[in-house]
2 protein chains.
Amino acid sequence: MDTKTKIVQTALALFNEQGVDVITVRHIAKEMGISHGNLCYHFPNTDTIIRQLYDQLVEQLTSQIGGVITGPLSLNRLAELVGEVMQMLYDYRFLMLDFAGIMRRIPDLRDKHRALVSSRKLAFQHILTQLRALGKLREELYDGHDDDLLEQFFIVGDFWLSSATILYEGAEENKIKHYQQVFLSLIVPCLTNKGLTEWKDIDRKKTL
Amino acid sequence: MDTKTKIVQTALALFNEQGVDVITVRHIAKEMGISHGNLCYHFPNTDTIIRQLYDQLVEQLTSQIGGVITGPLSLNRLAELVGEVMQMLYDYRFLMLDFAGIMRRIPDLRDKHRALVSSRKLAFQHILTQLRALGKLREELYDGHDDDLLEQFFIVGDFWLSSATILYEGAEENKIKHYQQVFLSLIVPCLTNKGLTEWKDIDRKKTL
DNA sequence: ATCTAACTAGTACATTTGTTCTAAAACTAA
DNA sequence: TTAGTTTTAGAACAAATGTACTAGTTAGAT
């Protein structure tokens with residue numbers, strides 16, 4: 001395999017295991033069994049690697065989300081999407097666990113992320129209107145509630161992993177499913193009776 | 001003022017301004033105009049200072065929350081409580097912005113925080129039952145929805161500041177109020193018509 | 001007045017980290 | 001082959017940091 005991609009992969013693993021703040025180029029080089037001089041030839045510092053990893057994640061996310069908002073939408077499909085996105089975030093969990101710190105240290109990423117959020121915001125808005133058109137979502141409870149809901153999506157979506165490392169005590173393999181449920185329960189109280197029945201139906205099927 | 005408390009205060013200011021990860025005992029000492037040897041006499045390292053600051057915050061929080069759950073509860077009082085707690089978290093924002101990292105580095109704090117969360121969980125559960133008894137809160141939409149709601153509280157409550165540093169673009173003095181609104185909007189879709197009218201009434205009064 | 005403990009300044013040292021440089025090795029194209 | 005480019009290893013250096021130590025100073029108790 002290409003040294004460059006191998007560096008990125010090794011870095012990802014180490015970041016996820018030990019945290020992005022304690023891993024240096026020397027650690028990564030040692031883990032790979034190459035000299036750190038060599039590593040610095042490809043990536044002068046860890047921030048460059050982080051940038052690369054972030055780009056990878058964003059690429060995966062946008063293609064995934066983009067695929068969904070074009071197709072037909074059901075609550076079931078929405079639930080699947082959330083699960084898939086969360087799995088991706090989990091694969092790059094080092095980013096999510098130091099989000100604020102990384103974004104402060106690397107301003108490029110902050111700007112890039114804002115762009116990503118804008119696109120995600122549009123996607124979610126699209127989903128809300130579509131659900132409402134299908135009679136599954138209640139009307140806004142007050143002016144601007146949709147915006148508040150979107151913000152909730154972003155906070156829970158970006159920081160469920162941080163919260164999990166502190167509070168979650170269940171089995172690791174159920175973690176994503178658990179927080180998928182927490183995320184989706186943001187929207188459940190906003191469903192109409194029609195939407196709610198559909199939702200409970202999904203739930204029933206899954207537990208079978 | 002006591003040197004010890006002055007160290008803690010200076011550290012808090014520097015942590016909040018520049019981030020907990022870039023501030024060392026030498027920085028704090030320099031800012032205070034004392035030798036870092038002296039500072040290390042009082043606090044051998046920054047982690048000890050962080051521990052102290054965390055304890056301060058927890059003390060403030062518990063006394064605040066404890067005061068509320070004993071008294072009579074209205075949605076208005078709940079909104080006030082959320083605002084007050086958020087103000088406290090803002091005063092110690094360095095903690096919230098590196099939450100996962102700090103908790104990983106200082107395991108004592110993680111345990112302490114879990115205890116805090118347990119008590120907060122009870123407090124919130126208490127609030128939910130009380131609101132429901134007063135006919136302001138809808139029944140659970142599905143079995144376990146209250147638990148999901150509590151988790152949402154904790155994620156939004158602990159990480160609104162992190163999200164804000166990345167996404168919030170409004171005026172600094174409106175920040176807390178904005179996220180107070182986002183937090184409270186978690187519960188609004190779960191209100192009964194009675195609760196909703198009361199809620200809108202608060203809103204109307206505030207905007208007057 | 002004196003003794004003791006608390007406090008403070010400053011020094012010193014080992015590690016770590018980011019960064020740069022040199023030179024050797026491997027590879028590629030003509 | 002050969003010339004040039006890319007890749008690699010390793011050394012070297014400055015700056016920062018955690019930690020420990022020494023030696024003064026202060027303040028309060030007896």
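Nothing here was measured: the structure is a model prediction, and the numbers come from that model. Convention: sequence-line order gives letters A, B, ...; per-chain numbering from 1. Basis for what follows: all heavy atoms, side chains included, without hydrogens, waters or symmetry-related copies.
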Original post:
Does some side-chain heavy atom of A:Gln130 sit less than 4.5 Å from a side-chain heavy atom of A:Leu137?
Top reply: no
Original post:
What distance do A:Leu89 atom CG and A:Glu84 atom CD have between them, rounded to the nearest 0.5 Å?
Top reply: 12.0 Å
**OP:** Enter the inter-axis angle for the ends of the helix from C:dA1-D:dT30 to C:dA30-D:dT1 (five pairs per end, rounded to 10°).
**Re:** 10°
Original post:
Should B:Lys112 and B:Asp55 count as an ion pair when the cut-off is N to O under 4.0 Å?
Top reply: yes
Original post:
OP1, OP2 of D:dT8 versus side-chain N and O of A:Thr3: anything below 4.0 Å?
Top reply: yes
Subject >> B:Arg26, nearest nucleotide to its side chain (from D:dT8, C:dG18, D:dG18) >> reply: D:dG18
Original post:
When you check the phosphate oxygens OP1 and OP2 of C:dT16, does a side-chain N or O of A:His27 lie under 4.0 Å from one of them?
Top reply: no
Original post:
Under 3.5 Å, is there a donor-acceptor pair between the A:Gln152 and B:Ser185 side chains?
Top reply: yes
Original post:
NA contact type, B:Leu39, heavy-atom cut-off 4.0 Å: base, sugar-phosphate, or nothing?
Top reply: nothing
Original post:
Whole-Å distance between D:dT7 P and A:Met32 CE?
Top reply: 13 Å
Subject >> Crowding at CG, B:Asp2 (>12 non-hydrogen neighbours, <6.0 Å) >> reply: yes
Subject >> Under 4.0 angstrom between A:Tyr41 side-chain N/O and D:dT7 OP1 or OP2 >> reply: yes
Original post:
When you check the phosphate oxygens OP1 and OP2 of D:dA9, does a side-chain N or O of A:Asn38 lie under 4.0 Å from one of them?
Top reply: yes
Original post:
How long is the line joining CG of B:Asp47 and C1' of D:dT19, in whole Å?
Top reply: 14 Å
Original post:
Quick check: are there more than 12 heavy atoms from other residues, nucleotides or ligands sitting under 6.0 Å from NZ of B:Lys30?
Top reply: no
**OP:** Ignoring hydrogens and angles, answer whether the base of D:dT19 and the side-chain atoms of B:His36 contain a donor-acceptor pair closer than 3.5 Å.
**Re:** yes
Original post:
Should A:Asn45 be listed as having a side-chain N or O under 4.0 Å from OP1 or OP2 of C:dT19?
Top reply: yes
Original post:
In Å, rounded to the nearest 0.5 Å, how long is the span from CZ of A:Arg132 to CD1 of A:Ile127?
Top reply: 13.0 Å
Original post:
When you measure from the side chain of B:Ser35, which nucleotide among D:dG18, C:dG10, C:dG18 comes out closest?
Top reply: C:dG10
